[in-house]
Number of protein chains: 2
Amino acid sequence: MSKRGESKSLSADVYSRIREEIYNGTLAPGSRLQPSVLGERYNASTTVIREALALLAGERLVQSRTGQGFFIPMINKDELVDLTTVLCHVEGLALRMSMERGGLEWESSLIAAHHRLARTPRRTEKNPDRYSQDWSNAHKEFHATLLGACDVPLLLDMCQQLMLATELYRVWVSPLVTHNKRDYAGEHAALLEAVLAGEADRAVSLLNEHARTTANMIIENWPEDTEAMIADGIAKYGVE
Amino acid sequence: MSKRGESKSLSADVYSRIREEIYNGTLAPGSRLQPSVLGERYNASTTVIREALALLAGERLVQSRTGQGFFIPMINKDELVDLTTVLCHVEGLALRMSMERGGLEWESSLIAAHHRLARTPRRTEKNPDRYSQDWSNAHKEFHATLLGACDVPLLLDMCQQLMLATELYRVWVSPLVTHNKRDYAGEHAALLEAVLAGEADRAVSLLNEHARTTANMIIENWPEDTEAMIADGIAKYGVE
DNA sequence: GGGGTCAATTACTTCGAGAATATTTATTCT
DNA sequence: AGAATAAATATTCTCGAAGTAATTGACCCC
């Protein structure tokens, strides 16, 4: 096990693997990220792990307390609300700029991405309680394409970072949200339509509603005791 | 020389020193950040430098190309325009939230910060071509106080990161901007007045104008040849 | 029995050298 | 002579251990 990936540098490789495991749900909020144990898991030296963790700390995906090592940040309800507010604004700006700057080429690839998303099943028979990996990827790509034409790397990074943070909440608070009555297909179709029609205001409000619905869904499922929830999640995922 | 600072860890110390030198103008855009060279300057091992650089890379303050080490990002005019647009939006959101959430305590400290700023001279006789360190700090604190009551660390980080990036441009493109006709005092007073009056729209537009004026000032002074400008800057600062 | 101090242990941080990789220079071939 | 290849050089990336700070547990005192 733990075969080495085909990345350019070991450090970058470890970086993306840790990042992956963070919003896989493998690494629980509040848990310690010890270079020694991670190093054993990834067959890498502690120095390499530290560098990867430092990188993640810069992105605020992990927290670093001097002299006490690295941790996954704790989650709380109020922060999710604020996070969503910021996400809506930043995402809105990105979408407006994207619509202004994106040409025919962009519209085409957006339609393509939407089609791919629409034709990818959200659940599989094998694992009906989670979103399928394919759908998750297609969803991510649709959103990335949507905002991508704004052509401001910094802004796109912010969006991605914020979405990632939200995703983290979803994974830990309501991992079994696939059984909801939400009309994803409809939401995406309406969004696409508004974008192609060039109606920025409508598109932005649809996108914002999309984000807020996700947040509300999480908040509704919020348990009284966060720690218990996390313990529960750990039991489900089977991590130490 | 190169006495060790009084920070908690060597790594954190080096981190802030590099960060400092980046927007001091000591480290030029495009220049290489070699762990060996920096390690000698700060009396630290390459590992420590790498960790500090990784942290900065996560914040996008330095660029990391695999196998080629770390660099200070290159600057260009279009990016500054986009940067300013994003800054205005994010800053606007932060100000609105700050005004909603900030109470009497906040208003008081804002008035205090403004007063400190107003009474601090922008130039000194010793170095009349640059903003004085005191004024620069007071200015920074006024803005930080202004947005601080929003109480969303992530949002504040974004603002700071964006302002820092803009500041970087100012340092390299027009380091001698103190000889302008800009009415800083008036701008700040008007802003304070709008905030205290509770007029969010007016306050935001004043703040945005503040940022845009800075950006425009830089763009007007933009030289034809960026590389020559940087070389010029290096000559002025006397770095290798 | 509760609280505080001290030692033992654990784990975080730093180091400098060795292996891997990119860049530069020199050489050879067309 | 110019381009492509190959050796040489410089630099980055990785490692495992040594140093240093923080935590845990035991012990003693109140």
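In what follows, chains carry the letters A, B, and so on, assigned in the order in which the sequence lines appear, proteins first and then strands, with residues in each chain numbered from 1.
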*Just how large is the angle between the end axes of the helix from dG1(C)-dC30(D) to dT30(C)-dA1(D), five pairs per end, to 10 degrees?*
20°
*Could you give the distance from CG (L10(A)) to OG1 (T47(A)), rounded to the nearest 0.5 Å?*
10.5 Å
Test side-chain hydrogen bond (donor to acceptor under 3.5 Å, both in side chains) applied to [X] - qualifying residues, sequence neighbours left out:
{"X": "R19(A)", "value": "Y15(A), E59(A)"}
{"X": "E21(A)", "value": "R41(A), Y42(A)"}
{"X": "E91(A)", "value": "none"}

Using whole Å, report how far [atom1] of [X] lies from [atom2] of [N].
{"X": "L10(A)", "N": "dG18(C)", "atom1": "CG", "atom2": "P", "value": "20 Å"}
{"X": "E40(A)", "N": "dC15(D)", "atom1": "CD", "atom2": "P", "value": "14 Å"}
{"X": "E51(B)", "N": "dT14(D)", "atom1": "CD", "atom2": "P", "value": "14 Å"}
{"X": "L53(A)", "N": "dC12(C)", "atom1": "CG", "atom2": "P", "value": "10 Å"}
{"X": "R32(B)", "N": "dA10(D)", "atom1": "CZ", "atom2": "P", "value": "13 Å"}
{"X": "D13(A)", "N": "dT14(D)", "atom1": "CG", "atom2": "C1'", "value": "14 Å"}
{"X": "K8(B)", "N": "dC12(C)", "atom1": "NZ", "atom2": "P", "value": "17 Å"}
{"X": "F70(B)", "N": "dT11(D)", "atom1": "CZ", "atom2": "P", "value": "16 Å"}

_With sequence neighbours excluded, residues passing salt bridge (Lys or Arg N to Asp or Glu O under 4.0 Å) with D134(B)_ = none
*Residues two or more places apart in sequence or in another chain: which of them pass salt bridge (Lys or Arg N to Asp or Glu O under 4.0 Å) with R32(A)?*
none
*N/O (side chain, R50(B)) to phosphate O (OP1/OP2, dT12(D)) under 4.0 Å*: no
*Kindly say if R65(A) contacts the phosphate of dA22(D), meaning a side-chain N or O under 4.0 Å from OP1 or OP2.*
no
*Taking NZ, NE, NH1 and NH2 as the nitrogens, is one of them in R170(A) or E167(A) under 4.0 Å from a carboxylate oxygen of the other?*
yes
Name the pairs: protein N/O against N/O of nucleotides 23-25 of chain D, kept only if under 3.5 Å.
from	atom 1	to	atom 2	distance (Å)
dT23(D)	OP1	Q68(A)	NE2	3.4

*Kindly write out the residues that satisfy ring pair (Phe, Tyr, Trp, His ring centres under 6.0 Å) with F142(B), not counting sequence neighbours, or none if the list is empty.*
H114(B), H188(B)
_Listed partners of W135(B) passing ring pair (Phe, Tyr, Trp, His ring centres under 6.0 Å), at least two apart_ = Y131(B), H139(B), Y184(B)
With a cut-off of 3.5 Å and sequence neighbours excluded, list every side-chain donor-acceptor pair involving residues 69-80 of chain A.
from	atom 1	to	atom 2	distance (Å)
N76(A)	OD1	E79(A)	N	3.4
E79(A)	OE2	Y169(A)	OH	3.3

*On DNA chain D, check which nucleotide each of T66(A) and V48(A) is closest to and give me the residue with the more 5' one.*
V48(A)
For residues 102-111 of chain A, tabulate all N or O donor-acceptor pairs below 3.5 Å that involve a side-chain atom, not counting sequence neighbours.
from	atom 1	to	atom 2	distance (Å)
W106(A)	NE1	T145(A)	O	2.8
S108(A)	OG	L104(A)	O	2.8
S109(A)	OG	E105(A)	O	3.4
S109(A)	OG	W106(A)	O	2.9

Quick one: which protein N/O atoms are closer than 3.5 Å to N/O atoms of nucleotides 16-18 of chain D? Pair and distance per line, please.
from	atom 1	to	atom 2	distance (Å)
dG16(D)	N7	S45(A)	OG	3.2
dG16(D)	O6	T47(A)	OG1	2.9

